[in-house]
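The block underneath contains the structure these notes are about, expressed in structure tokens.
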Amino acid sequence: MEWWATSPGGYGAASTDRPRDCDSRVTFLRASPLQLCSMGTPNGQKVTIFFEELLAAEHDGANYDAWMIPIGDGSQFGSGFDELSSNSKIPTMLNTLADTRMFEAESILMQLSKKFDDAFVPSGIIN
């Protein structure tokens, strides 16, 4: 999976919903099967904190790669990221083993909890 990085300067805040010109490519290295595309927003932090808690609890397979998507300059609308996240929102998670994509923090948290044996969720909450 790859997408184009945006060029410096961009189009300005009034037109961030348009694809941007590209100067360089950003390519997923896929060192880990779980790829998180996010930023330090409250929803982005929820998923990152959950991953870090999984790692602290020594869950196997909880390694992940984090990719920053700077939403202030409209990078989430750039060519390629919109293929990964159809609604162009962060956070987005790609599971390369299952070839699945997840959007929205709560959906990602529920999926991760299921994957790691209902980690950090009281019994009976997740079906």
Side-chain angles (χ1 to χ4, degrees):
M1 179 58 54
E2 53 189 46
W3 72 84
W4 296 92
T6 60
S7 63
Y11 292 106
S15 57
T16 56
D17 59 344
R18 292 189 285 181
R20 304 223 172 200
D21 292 334
C22 303
D23 289 337
S24 61
R25 292 186 83 129
V26 178
T27 306
F28 281 119
L29 299 176
R30 293 188 181 179
S32 300
L34 300 174
Q35 303 289 312
L36 175 65
C37 300
S38 190
M39 191 174 164
T41 63
N43 282 330
Q45 289 176 352
K46 290 175 192 176
V47 177
T48 303
I49 290 168
F50 195 86
F51 267 121
E52 293 300 319
E53 289 294 331
L54 289 171
L55 290 172
E58 299 180 357
H59 282 275
D60 289 332
N63 292 328
Y64 69 103
D65 293 322
W67 300 89
M68 184 170 164
I69 307 297
I71 60 174
D73 68 0
S75 292
Q76 74 273 27
F77 300 112
S79 176
F81 181 70
D82 52 356
E83 293 173 17
L84 180 62
S85 175
S86 60
N87 62 3
S88 297
K89 290 188 175 183
I90 61 165
T92 296
M93 185 183 76
L94 171 66
N95 182 342
T96 60
L97 294 178
D99 194 29
T100 57
R101 299 170 184 154
M102 297 290 301
F103 326 111
E104 304 293 339
E106 291 74 18
S107 297
I108 294 170
L109 293 173
M110 296 296 280
Q111 183 64 31
L112 287 173
S113 183
K114 283 183 182 182
K115 177 177 175 56
F116 294 102
D117 301 320
D118 294 337
F120 311 114
V121 177
S123 62
I125 300 294
I126 297 178
N127 294 327

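Residues Leu112 and Met93 meet the side-chain proximity criterion, which asks for heavy atoms closer than 4.5 Å. In this structure, the side chains of Asn43 and Ile90 stay at 4.5 Å or more apart for every pair of heavy atoms. In this structure, the side chains of Leu36 and Asp65 stay at 4.5 Å or more apart for every pair of heavy atoms.
Scanning both residues, Ala105 and Lys46, for their nearest heavy atoms gives CB-CD, 4.4 Å. Across all their heavy atoms, Gly40 and Gln45 have their closest contact at O-NE2, 3.2 Å. Taking all atoms of both residues into account, the shortest heavy-atom contact from Ile69 to Cys37 is CG1-CB, 3.8 Å. Summarising the geometry of Leu34 relative to Gly61, their closest heavy-atom pair is CD1-O, 3.7 Å, with the distance given to 0.1 Å. Taking every heavy atom of both residues into account, Leu109 and Val47 meet most closely at CD2-CA, 4.0 Å.
Ser38 contributes no side-chain N or O that, together with a main-chain N or O of Pro91, makes up a donor-acceptor pair within less than 3.5 Å. A side-chain donor-acceptor contact under 3.5 Å links Gln35 to the backbone of Ser32. A donor-acceptor contact shorter than 3.5 Å links the side chain of Asn87 to the backbone of Lys89.
Separation of atoms CE (Met102) and OG (Ser107) is listed at 4.5 Å; rounding is to 0.5 Å. Taken from NE2 in His59 to CG in Leu55, the straight-line distance is 9.5 Å, to the nearest 0.5 Å.
Relative orientation of the Tyr64 and Phe51 rings is parallel, given thresholds of 30° and 60° on the angle between their planes.
Hydrophobic clustering places Ile71 together with Leu84 (ILVMFWY residues linked when any side-chain heavy atoms are closer than 4.5 Å, directly or through intermediates). With hydrophobic clusters built from ILVMFWY side chains whose heavy atoms lie under 4.5 angstrom apart, Ile49 does not share a cluster with Ile108. Linking ILVMFWY residues whenever their side-chain heavy atoms come closer than 4.5 Å, directly or via other members, places Phe116 and Phe120 in the same cluster.
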